[in-house]
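To keep things clear, I will list the structure first and then write my remarks on it.
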2 protein chains.
Amino acid sequence: MKVNGKPTRSIWLADDGWAVEIIDQTKLPHAFEISRLETLDDAARAISDMLVRGAPLIGATAAYGLALAMRADPSTEHLERAGKILFATRPTAVNLRWALQDVGARLRALAPGERAAAAYARAAAICDEDVAINHAIGEHGLGLIRAVWDKAEKARTVNLLTHCNAGWLATVDWGTALSPIYLAHDAGIPVHVWVDETRPRNQGASLTAWELGQHGVPHTVIADNAGGHLMQHGKVDLCITGTDRTTARGDVCNKIGTYLKALAAHDNEVPFYVALPGPTIDWTIEDGVAEIPIEERDGRELSEVTGRTADGAIATVRITPEGSAAANFAFDVTPARLVTGLVTERGVCAASTEGLLSLYPERHNRPEVWAVVL
Amino acid sequence: MKVNGKPTRSIWLADDGWAVEIIDQTKLPHAFEISRLETLDDAARAISDMLVRGAPLIGATAAYGLALAMRADPSTEHLERAGKILFATRPTAVNLRWALQDVGARLRALAPGERAAAAYARAAAICDEDVAINHAIGEHGLGLIRAVWDKAEKARTVNLLTHCNAGWLATVDWGTALSPIYLAHDAGIPVHVWVDETRPRNQGASLTAWELGQHGVPHTVIADNAGGHLMQHGKVDLCITGTDRTTARGDVCNKIGTYLKALAAHDNEVPFYVALPGPTIDWTIEDGVAEIPIEERDGRELSEVTGRTADGAIATVRITPEGSAAANFAFDVTPARLVTGLVTERGVCAASTEGLLSLYPERHNRPEVWAVVL
C-alpha cells in the first residue's frame with residue numbers, strides 16, 4: 001500500500017538486486033526508516049528484534065534470509081546452520097517454520113551452485129503468493145463492505161472496527177483484515193475505521209493507524225474499552241480482525257481483547273468477521289479455549305509505554321506503581337459461535353467445521369497433521 | 001486506608017485545625033504528595049485540576065471549600081460567590097452540586113458570624129457520612145466475597161476483578177467497589193485483585209494499583225483486553241466495579257469498558273456486582289443506553305501517555321501517528337441484565353426496579369426528581 005504516496009511493500013529487493021530492504025517497524029509510527037539486510041545475521045536480527053513482525057512477513061524475511069545465506073556460502077552445512085539460526089529467532093512463528101521447511105527442502109535438492117538463485121526466486125515467489133492470497137481475501141471481504149454500503153443506499157460512510165494490526169505491515173502487502181478495507185477505499189466506498197489501540201503493545205495505535213493514514217483511509221484511534229459503547233450506539237457497521245490461528249471448527253486465536261469485541265458485536269447484532277489465509281487454519285484442534293496455550297509475555301510491555309516526547313525524542317515511561325505486578329497475556333480465543341464468518345482467499349464461510357470444509361474440501365477425511373510449534 | 005502503613009483518608013483537617021489537606025492525586029502513583037488548601041481558590045483549583053477526583057471526594061472538597069471561604073469572609077455575598085466558583089470547577093459532578101446546595105442552604109439560614117464554624121462542622125459530617133456509607137457497602141459486599149471463599153472451602157485465594165478506580169481515593173475512605181475487598185483482606189480472607197489498567201486515563205494502573213499496594217492487598221495490573229481471557233479460564237471468581245450513575249431499573253453508567261467486562265462475566269457465568277451509594281441512583285431515568293449522554297473528552301488523553309522515566313522524571317509520550325485522530329468516550333452503560341447485583345449501603349439487591357425499591361422503599365410511588373446536571 002502507499003507510504004508518502006508511493007506504493008510500497010513491507011519487504012523488497014534493493015536496487016542492487018541482492019540486498020533485501022524492509023521497513024524498521026520498531027520505529028513506527030514516529031519514523032519511517034528502511035533497513036537494509038545484507039547477511040543471514042541481518043535477517044535473523046530483523047526477525048528477533050521485531051523490525052519485521054506478522055506471520056507472513058516473518059516467513060518472507062526468513063526465506064530471504066536463506067537466500068542471503070546461500071549468496072555468502074551455498075554449502076549444505078551452511079544451509080542447515082542458516083535454517084537453525086533463523087528458526088531460533090521466533091520459534092513459535094508458524095509461517096517462519098513453514099517458509100524455512102519449504103525453501104530448505106527445495107535448496108537441499110539442488111547443487112550448491114544453483115542454490116542462491118533458487119532461494120531468491122523462491123523467496124520472491126513466497127512474497128508474491130502472500131500478496132495474491134491477501135488480495136483474494138480483500139476481494140471477498142470487499143463484498144461484505146459493499147453490501148453494507150448498498151444497504152445504506154450508498155448514502156453514508158461505512159464504519160468498521162478492527163483490533164491489533166492485521167494490515168499490510170504484518171504481511172507483504174494488503175494485509176488480511178485490512179485488505180478488504182483498502183480495496184473498499186480504493187473502489188470509492190467511503191469507509192471509516194475505528195482502530196483499537198490494542199494494549200499492551202499498541203499495535204493499533206502505532207501500526208494500524210499509521211498504515212491507514214499513509215494510504216489515506218479515514219480512521220480514528222480509540223481505547224480498547226470503547227468498542228462496546230460504539231456498537232451500542234450503532235456506530236459500527238462491521239468488525240473485522242485477523243487471527244493467528246484458527247481451529248478446525250472456527251474458533252479464532254487472536255490478539256488479547258478480540259474476544260471482548262466479539263462479545264459486544266454479538267450483543268449488538270454487529271457482524272464480526274475474521275480474515276485469514278487458509279494455511280493458518282490448524283486442522284488438528286477443535287476447541288480453541290481448551291486447547292490453545294496462551295503466551296504470557298513480559299509484564300513490562302504493559303507497565304511501560306514507549307512513544308515520542310514533545311521534543312521528538314523516543315522515551316519510555318512507567319505507568320504502574322513500583323511493586324505492582326503486571327500480567328501480560330498475548331492472545332485470547334474467540335469461540336466460533338461469536339464469529340459471523342471467516343474471510344479467506346477462497347471466499348467467506350461460516351465459522352464452523354462445515355463452513356471451513358466447504359472452502360477447503362481437500363481436508364475432508366484427510367485431517368493431516370499440520371505441524372504446529374508451541 | 002493505609003499509606004506507608006498509616007491509616008489515611010483522602011481529605012482531612014490539618015493539625016492547625018483550619019486548613020484542609022488532600023493527597024495530590026495527579027502525582028500518583030509515582031509520588032505521594034500532600035497538598036494544603038488554605039483558601040477558596042485552593043479548594044477550587046484542587047477540584048478543577050483534579051488533585052482530587054471521584055464524586056464523593058469532590059463533594060467533600062467543595063464543602064470544605066465553602067468553609068475556607070466563610071473563614072475568610074462570612075458575608076452572604078461571598079457565600080454566593082464561593083458557591084458559584086466551586087460549582088464551575090466540575091459542573092457535571094453530581095455530588096459537587098449536592099454538597100454545595102446542602103452546605104449553602106444551611107449557611108444561608110445562619111448569621112454570618114456563625115457560618116464558618118457551621119461550615120466546618122457540616123463538611124466534617126459529610127466526610128463521616130461518606131465513610132459510613134462506604135463502610136456499609138463494604139460490609140454487604142464482604143458477604144459476597146466470603147461466600148466465594150466458603151464455597152471454595154477456604155482452600156484458595158479469591159480472585160476478584162475491578163475496572164477503573166472505585167477505591168478510597170475516589171471517596172473519603174474505603175471506596176465503593178474496593179470497600180468489600182479491603183474488608184475481606186482485613187478479615188483474613190486471601191484475596192487477589194486483577195486490576196484493569198483502564199485506558200485511556202489509566203486510573204486502574206495508577207490509582208487502584210497504588211492504593212491496593214499501599215494497603216497490602218495482593219493485585220496484578222492487566223490490560224483492559226485481558227479480562228475475558230481470564231474469565232474463560234476460571235481465573236476470576238467475582239467482578240466488582242463502581243458506577244457514576246445508576247438508573248431506576250439498574251442500568252449502570254461507569255468508566256468506558258465496564259460493559260465489555262460485564263459481557264465477558266455473563267458469557268462465563270462469573271458474578272458481576274456493582275457497588276454504589278444510594279444517592280447516586282438516578283430515579284428519573286430507566287434506559288441508560290438511550291438516556292445517558294456520554295461525555296467525550298480530549299483525544300490527547302488517549303494519544304498521549306504520562307509516566308515516569310527510568311531516571312525518575314515525569315514525561316508524556318505520544319503513541320499515535322501525527323495526523324491520526326483519537327476519540328475518547330469517558331463512560332459506557334452496562335444494561336441491568338448483565339449485572340448480577342447492586343451492592344449498596346443498605347444491602348445487596350437485584351439490578352432491577354423491584355430490587356432497588358426493595359432497598360429504597362421510600363422511592364415507591366414517590367419518584368421525586370433528583371436533580372441531575374449534565
Side-chain angles (χ1 to χ4, degrees), chain A residues 28-30 194-195 197-200 202 205-206 209-210 212-213 219-230 232-233 255-257 259-261 263-264 267 289 294 299 302-310 314-329 331-333, chain B residues 28-30 194-195 197-200 202 205-206 209-210 212-213 219-230 232-233 255-257 259-261 263-264 267 289 294 299 302-310 314-329 331-333:
Chain A
L28 293 175
H30 305 299
W194 297 108
V195 178
E197 175 182 34
T198 319
R199 293 283 295 149
N202 305 342
S206 53
W210 183 83
L212 289 174
H219 65 283
T220 304
V221 180
I222 51 174
D224 299 307
N225 285 323
H229 166 70
L230 292 172
Q232 282 179 323
H233 289 272
K255 193 65 52 188
I256 189 83
Y259 167 53
L260 295 173
K261 287 310 130 59
L263 284 167
D267 199 45
V289 173
I294 299 298
L302 176 68
S303 58
E304 299 178 356
V305 177
T306 299
R308 188 168 65 174
T309 64
I314 300 300
T316 298
V317 296
R318 181 179 170 109
I319 59 169
T320 54
E322 294 293 336
S324 285
N328 179 5
F329 304 91
F331 302 95
D332 66 17
V333 172
Chain B
L28 294 175
H30 305 299
W194 297 108
V195 178
E197 175 183 35
T198 318
R199 293 283 296 149
N202 305 342
S206 53
W210 183 82
L212 290 173
H219 65 281
T220 305
V221 181
I222 51 173
D224 300 307
N225 285 323
H229 165 70
L230 292 172
Q232 282 179 323
H233 290 272
K255 194 65 52 188
I256 190 82
Y259 167 53
L260 296 173
K261 287 309 128 60
L263 284 167
D267 200 44
V289 174
I294 299 298
L302 176 67
S303 58
E304 297 177 358
V305 176
T306 298
R308 188 167 66 173
T309 62
I314 300 300
T316 298
V317 296
R318 181 179 171 107
I319 58 170
T320 55
E322 294 293 336
S324 285
N328 179 4
F329 304 92
F331 302 95
D332 65 19
V333 172

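Every chain is numbered from 1 and lettered A, B, ... according to where its sequence line falls, protein lines coming before strand lines.
Judged as a side chain to side chain contact (heavy atoms under 4.5 Å, CB included), and not counting sequence neighbours, the contacts of A:A209 are A:H219, A:V221, B:P321, B:S324.
We find the CZ-OG distance between B:R318 and A:S206 to be 12.0 Å, quoted to the nearest 0.5 Å. The line from CG of A:L230 to CZ of B:F329 is 5.0 Å long, rounded to the nearest 0.5 Å. B:R199 contributes atom CZ, which lies 6.0 Å from atom CZ of A:R199 (distance to the nearest 0.5 angstrom).
The candidate from A:L212, A:D332, A:L302 with the greatest count of non-hydrogen atom pairs under 4.5 Å with chain B is A:L302. Counting heavy-atom pairs closer than 4.5 Å to chain A, the top-ranked of the candidates B:G323, B:A310, B:G228 is B:G228. Taking chain B as the reference chain and counting heavy-atom pairs below 4.5 Å, the highest number among A:L263, A:V317, A:N202 is found for A:V317. When B:P200, B:A226, B:G213 are compared by the number of non-hydrogen pairs under 4.5 Å with chain A, B:A226 comes out ahead.
Interface residue A:T309: backbone and side-chain heavy atoms are both found under 4.5 Å from chain B. Both the backbone and the side chain of A:Q232 come within less than 4.5 Å of a heavy atom in chain B. Contact annotation for A:I314: neither backbone nor side-chain heavy atoms come within less than 4.5 Å of a heavy atom of chain B. For A:E322, the part sitting under 4.5 Å from any heavy atom of chain B is the side chain, from C-beta outward, and nothing else.
Of all heavy-atom pairs spanning B:L260 and A:A264, the tightest one is CD2-CB, 3.6 Å. In this structure, B:I319 and A:T306 approach most closely via the heavy-atom pair CG2-O, 3.8 Å.
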**OP:** Apply side-chain contact (heavy atoms from CB on, under 4.5 Å) to the pair A:I256 and B:H229, showing each step before the final yes or no.
**Re:** CA-CA 8 Å; A:I256 189 83; B:H229 165 70; 3.6 Å; yes
